[in-house]
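Step one of this worksheet: look at the structure below.
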Amino acid sequence: MSSSFRRITTISKKELVEFARDWRTIFALLIIPLLMFPLLFIIFPLLLASEAAELDAIEVNVVIQSNDFPSDLAEQLNGSGIELNYEPLSIENNLSSPLEDGDRLRNGSIDAVLRMKENGSVWDYALLYMSTSERSQEARTRTLTVLFDWEENETERRLVDAGLDPDETLRPLNWDGEFSDSDVATSGEQAGMVLSLFIPLVLSVWTFSSAIQPSIDMTAGERERGTLEALLGLPCSRNELLFGKWLAVATITGIGVLLQLVGLLFAIGYLATTDFLTVPTLSIASIVFIGIAVLLFAIMVVAFELALAMRAHSVKEAGSILGPALLLILFPALFTQVINLDGIETFWFSIPVVNVLLALRELLMDRFVVEHIVTWIISSGIYAMAAALYAARQFKREDIVTSLS
Amino acid sequence: MTVELLRVEGVTKSFGHIEALTNVSLTINEGEIVGLVGSNGAGKTTLLRLLAGVYTPTDGAVVLSDGSKVEDARHRLGVVPESTGLYSRLTAWENIRYHSRLYGTSDEESWNRTVFFADRLDMKESLGRHTKGFSRGMRQKTALLRALAHAPDILLLDEPTAGLDVTSARTVRSLVHQLGETGGTVVYSTHQLAEAEAVCSRIIIIHNGEVRADGTPAGLLEQTESRNLEEAYVSLTTDKARTRVVSDKPLSKIAKWWQKLSTPKIPGGDESE
């Protein structure tokens, strides 16, 4: 082992030991990413299901305002968890106008008002509710479901009375066979398509955001605490110092991203058992290229963050620079979600940040376009090198020895 | 026989338009305890950083006896900066070992030297403790142990007793004395004349970035025809001391505007300023 490499690993190990001794940063940068997706995809839907079940169990209160309400419709509504209260209809025109019923809906004494009146051969109706109340929303949903069922039966009855076949009349266009058989994309490919819309976003944002705290701590933090001066007097070059610190930040970020992916795969594995989403089909080559893309991206991002943090005189100053810098990743990441990959021009794969995100999207869909791969690898390599050179320049500045404190 | 260890040759150090040191020349010889004395902002820390290879001279050179530049021979130096520079989440020994490893010294060798000196500084029992709860004195002693663990040829100490209680300061001075007696070479920066007189065999007075005097305490008294070092110092530094050099980096227009906007005016101050 060369003495230079030994010094780099010594610096890196020390940074990792210091990092590991702070349980708060371990929690923020390692435990949270591990639990984020399982919580989002497993616990959150369970919570939603439990809330929905709770809502299903309640009986909602709907006031029927009509002078000639159809008895069969009343029967159907009765069997739908709706408590009905009948009142005469006192309004002639514009049934949607709330009038004094608005106050009753607002104070929660009733959940919805169904107004109905016969108008020749059709029924005019309006359903009053309050969109900001869950009970009122539920009352509206249940009432509308029954109303649409009743309307369908009524339509069919009228067609039969007129001597027509309801199926032929209402559905002259008929799908033949199983609808799902018609898509040639496998369920694994479909899963890849779905995941390609948010995995690049998550990977890029997390890589950048999880590197912020260690980057600041190892540069502006050292400068502020006065430990950097002692370090700069040691027989190691500024480049060795940079690479040692880069290795430590990249390791922390890499582990964080890896744990996040483990959490994501666990969540996907769980969802696969519920038929919501299947495990995406990825070839070995895709996985290898995804690894290269993330690695090049991490080299660039971590070097860039270390450079920016080293420019700052204090932790506070570094935080106020690196926090907003997250937008440099977030905006391109959101933008690439809407870019259509079919027939995409090659130049997109040379734009910083966008190139890696698009590459990840293509690879997650198991698409290999040699021209694209060559472009993003070369451009990402150049950007990573440029970021490393910029960081090396910052580390060679003489004023980094001084601190505001 | 005097053996020269380190030589400063006409060194000038500028930060932008500000000259922190002007044409400084001196030599550090083996076995000397050299005191760098000066007021705050005189240039002591800048000179120490130049000696440590942290700063590069704007003009001139800092070379070792074999002709090598100091930045290429930092393994021969031990440095204790004013801030001590200890990592609070590491133990005292881990702090020492970290630097020793970067100096290329084996753990065994640095442990043996650390234990030897820790005994003299009454720090042996604290080597396994995290430095977070350390007093200023313990931090200073740990930084000293760290600087000594790789057996440096020259020890550079920046204000080693600043902020220490009487007992700790005495212990540090006593160790420096012992190092001198055993042939060690120490450059000791301080703004306390009495301390320099008590510890150092040679005193260099720096004022406004210039070396105003360089010699033994007795030699300085003779040179200035003074009764004590305080008188000698005053006679050598009659011009007004400048303020500490921080940075002359000009503020941008936005920064100037914001600074003015966010700084309250002194009641009754000149509005036109």
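Naming convention: chains lettered A, B, ... in sequence-line order (proteins, then strands); numbering from 1 in each chain.
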Which side chain or backbone donor-acceptor pairs connect chain B with chain A at less than 3.5 Å?
residue	atom	partner	partner atom	Å
B:Lys13	NZ	A:Glu398	OE1	2.5
B:Lys13	NZ	A:Glu398	OE2	3.0
B:Arg49	NE	A:Glu229	OE2	2.9
B:Arg49	NH2	A:Glu229	OE1	3.0
B:Val54	O	A:Arg238	NH2	3.4
B:Thr56	N	A:Glu398	OE2	2.6
B:Arg74	NE	A:Leu234	O	3.4
B:Arg74	NH1	A:Leu232	O	3.0
B:Ser83	OG	A:Gly226	O	2.9
B:Tyr87	OH	A:Glu222	OE1	2.8
B:Tyr87	OH	A:Glu222	OE2	3.4
B:Arg89	O	A:Arg21	NH1	2.9
B:Arg89	NE	A:Glu18	O	2.9
B:Glu94	OE1	A:Arg21	NH1	2.7
B:Glu94	OE1	A:Arg21	NH2	3.4
B:Glu94	OE2	A:Arg21	NH2	2.7
B:Arg101	O	A:Arg6	NH1	3.1

Cut-off 4.5 Å, heavy atoms of chain B, and the answer for A:Ile11 is both
Taken in chain and number order and not counting sequence neighbours, the residues that satisfy salt bridge (Lys or Arg N to Asp or Glu O under 4.0 Å) with B:Glu9 are B:Arg7
Does any backbone or side-chain atom of B:Leu86 lie under 4.5 Å from a heavy atom of chain A? Answer side chain, backbone, both or neither. backbone
Using a 6.0 Å cut-off, check whether atom CD1 of B:Ile254 has over 12 heavy atoms from anything other than its own residue. no
